[in-house]
**Q** 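I am attaching a structure below and will ask some questions about it afterwards.
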Amino acid sequence: MLPLPALFHITLPISWYISLPLGTWMIYLSDHIVDVTRKKQEYPSPRHQFIKRYLSPIIVIIVCISVVIVWQVLHPFSILLFSVGCILASIVALHLLIVRINPTRHTVLNNKELAIAIIYGAGIYAAPVLILYQQKISILVPVCCALLLAANAFINLLMASIIELKWDEEMDNTSLVRVMGVNQSVKLFHGLLLLCGMGIGWLLLKVPEEYIPMLVTYLAMTLGHLFIYQKRELLLTHLAYRKLSEALFWLPVIGFFL
């Protein structure tokens with residue numbers, strides 16, 4: 001999110017820089033709390049074990065985060081934060097409901113990866129797009145960038161679900177891979193990589209020069225996911241594949257400011 005104000009020539013309030021990371025943290029914690037409270041079994045995933053071990057303090061943290069975010073919205077009242085918050089709250093509520101119900105049958109609703117990807121894309125781009133729209137500036141390129149970011153988030157989560165299928169089966173977690181099967185999921189993964197690469201290549205030929213650094217970093221993210229998947233066996237130790245794939249999402253900041 002950090003490069004976007006300079007890229008789109010807009011100004012975001014300080015409260016946004018506080019609320020967005022706090023909201024992200026709260027969503028992440030809430031998602032894992034829903035997982036660990038569905039059943040009493042022990043979880044093989046280290047992060048779920050951590051959440052379950054410190055469940056009460058983590059709930060207190062979530063309450064504190066909520067209070068800070070509400071304060072940022074109300075003092076002074078920010079229509080921008082309120083609007084974006086309503087959008088994200090609706091998507092997050094739907095996502096947590098799906099995770100809580102945890103369907104394993106073939107249904108488009110059983111798609112936590114897509115829900116989280118939409119949260120990522122909307123969380124980063126909703127405020128800039130709303131501001132540009134209010135200023136009557138074209139939002140076509142920003143919306144395309146938002147879709148590319150959401151696509152990369154979906155690729156990231158799909159890759160993790162493929163690698164962690166055994167854990168999801170043991171924990172009976174919702175997973176698109178469990179619905180589609182590994183073979184179809186791998187085909188979808190590679191197909192999305194190809195589509196993202198082609199889409200970015202097409203945009204690089206069409207957009208103004210100022211957008212090129214951002215698009216190049218999105219292309220690097222796409223190729224990075226392919227590399228991580230190919231080296232997944234070597235990266236299983238200490239969940240290195242997750243750490244590397246999450247680090248890819250810092251590339252837009254690094255690429256823009258370099």
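No experiment lies behind these values; they were computed from the predicted model shown. Count residues from 1 along the sequence.
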**Q** When rounded to the nearest 0.5 angstrom, what distance separates CD1 in I69 from CG in L74?
**A**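 Between I69 CD1 and L74 CG, I get 11.5 Å after rounding to 0.5 Å.
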**Q** Which heavy atom of L81 sits nearest a heavy atom of S19, and at what distance?
**A**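 For L81 and S19, the tightest heavy-atom pair comes out as CD1-OG, 4.0 Å.
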**Q** So how far is it from S15 OG to L22 CG, rounded to the nearest 0.5 Å?
**A** 11.5 Å
**Q** For L4 and P128, which heavy atoms make the closest approach, and how far apart are they?
**A** CD1-CG, 4.1 Å
**Q** In terms of hydrophobic clustering (I, L, V, M, F, W, Y; side-chain heavy atoms under 4.5 Å; direct or indirect links), are L192 and L165 co-clustered?
**A**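 Hydrophobic grouping puts L192 with L165.
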**Q** Can you get from V129 to L147 by hopping between Ile, Leu, Val, Met, Phe, Trp and Tyr side chains that sit under 4.5 Å apart?
**A**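 Yes, it is one cluster - the side chains of V129 and L147 are joined through contacts under 4.5 Å.
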**Q** Out of V143, I200, T222, L219, which residue meets the side-chain contact (heavy atoms from CB on, under 4.5 Å) rule with L148?
**A** I200
**Q** Taking the six-membered ring for Trp, are W71 and H75 parallel (under 30°), tilted (30 to 60°) or perpendicular (over 60°)?
**A**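 Taking H75 first and then W71, their aromatic rings lie parallel (interplane angle under 30°).
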**Q** Rounded to the nearest 0.5 Å, how far does CD1 of I118 lie from CG of L88?
**A** 11.0 Å
**Q** Mind listing the side-chain donor-acceptor pairs of residues 224-234 below 3.5 Å, one per line with the distance, residues two or more places apart or on another chain?
**A**
{"unit_1": "H225", "atom_1": "ND1", "unit_2": "M221", "atom_2": "O", "d": "2.9"}
{"unit_1": "H225", "atom_1": "NE2", "unit_2": "N156", "atom_2": "ND2", "d": "3.2"}
{"unit_1": "R232", "atom_1": "NH1", "unit_2": "Y229", "atom_2": "O", "d": "2.7"}

**Q** What's the shortest heavy-atom distance between A117 and A150, and which atoms?
**A** CB-O, 3.3 Å
**Q** Rounded to the nearest 0.5 Å, how far apart are NZ of K52 and OG1 of T37?
**A**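 Going from NZ on K52 over to OG1 on T37, the span is 9.0 Å.
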**Q** Do any N or O atoms from the side chain of E113 and from the backbone of L176 form a donor-acceptor pair under 3.5 angstrom?
**A**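 Here the side-chain-to-backbone pair exists.
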**Q** What's the shortest heavy-atom distance between L130 and S83, and which atoms?
**A** CD1-CB, 4.2 Å
**Q** Report the relative orientation of the aromatic rings in Y218 and Y125; use parallel for angles under 30°, tilted for 30 to 60°, perpendicular for over 60°.
**A**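 The arrangement is perpendicular - the two ring planes meet at more than 60°.
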**Q** Do I14 and Q72 pass the side chain to side chain contact (heavy atoms under 4.5 Å, CB included) test, and can you show the C-alpha distance, the side-chain angles, and the key distance before you say yes or no?
**A** CA-CA 9 Å; I14 296 299; Q72 292 297 321; over 6 Å; no
**Q** Step by step, work out the side chain to side chain contact (heavy atoms under 4.5 Å, CB included) result for L20 and V84.
**A** CA-CA 10 Å; L20 183 59; V84 174; over 6 Å; no
**Q** Hydrophobic clustering (ILVMFWY, side-chain heavy atoms < 4.5 Å, transitive) - are I33 and V60 grouped together?
**A** no
**Q** If hydrophobic clusters are built by linking Ile, Leu, Val, Met, Phe, Trp and Tyr wherever their side-chain heavy atoms come under 4.5 Å apart, do L195 and I155 end up in the same one?
**A**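 No; I155 is not reachable from L195 via cluster members.
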**Q** Do T11 and P5 have side-chain heavy atoms sitting under 4.5 Å apart?
**A** no
**Q** Could you tell me whether the side chain of S245 and the main chain of R242 form a donor-acceptor pair under 3.5 Å?
**A** yes
**Q** Working to the nearest 0.5 angstrom, can you tell me the gap between I124 CD1 and T24 OG1?
**A** 6.5 Å
**Q** For residues 128-160, pull every pair meeting ring pair (Phe, Tyr, Trp, His ring centres under 6.0 Å), keeping only residues two or more places apart or in separate chains.
**A**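 Non-adjacent pairs meeting ring pair (Phe, Tyr, Trp, His ring centres under 6.0 Å): zero.
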**Q** Test of understanding: clusters of I, L, V, M, F, W, Y form through side-chain heavy atoms closer than 4.5 Å, transitively. Do L203 and L223 belong to the same one?
**A**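 Result: yes, single cluster for both.
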**Q** Within a radius of less than 6.0 Å around OH of Y120, do more than 12 heavy atoms belonging to other residues, nucleotides or ligands occur?
**A**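 Counting neighbours around OH of Y120, 12 or fewer heavy atoms of other residues, nucleotides or ligands fall under 6.0 Å, so no.
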**Q** Under the criterion side chain to side chain contact (heavy atoms under 4.5 Å, CB included), I'd like the reasoning laid out for I131 against L12: C-alpha separation, chi angles, the key distance, then a yes or no.
**A** CA-CA 9 Å; I131 291 174; L12 287 170; 3.5 Å; yes
**Q** Closest approach of S161 and V177, non-hydrogen atoms and distance?
**A** CB-CG2, 3.5 Å
**Q** Search all heavy atoms of S30 against all heavy atoms of I62 and return the closest pair with its distance.
**A**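 Answer, listing the atom of S30 first, then I62: OG-CD1, 3.7 Å.
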**Q** How far apart are the C-alpha atoms of I58 and H32, what are their side-chain angles, what is the distance that settles it, and do they pass the side chain to side chain contact (heavy atoms under 4.5 Å, CB included) test?
**A** CA-CA 10 Å; I58 287 172; H32 284 75; over 6 Å; no
**Q** Going from CD1 on I119 to CD1 on I87, what distance comes out if it is rounded to the nearest 0.5 angstrom?
**A** 13.0 Å
**Q** Residues two or more places apart in sequence or in another chain: which of them pass side-chain hydrogen bond (donor to acceptor under 3.5 Å, both in side chains) with E210?
**A**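 For E210, the residues satisfying side-chain hydrogen bond (donor to acceptor under 3.5 Å, both in side chains) (neighbours in sequence not counted) are H9.
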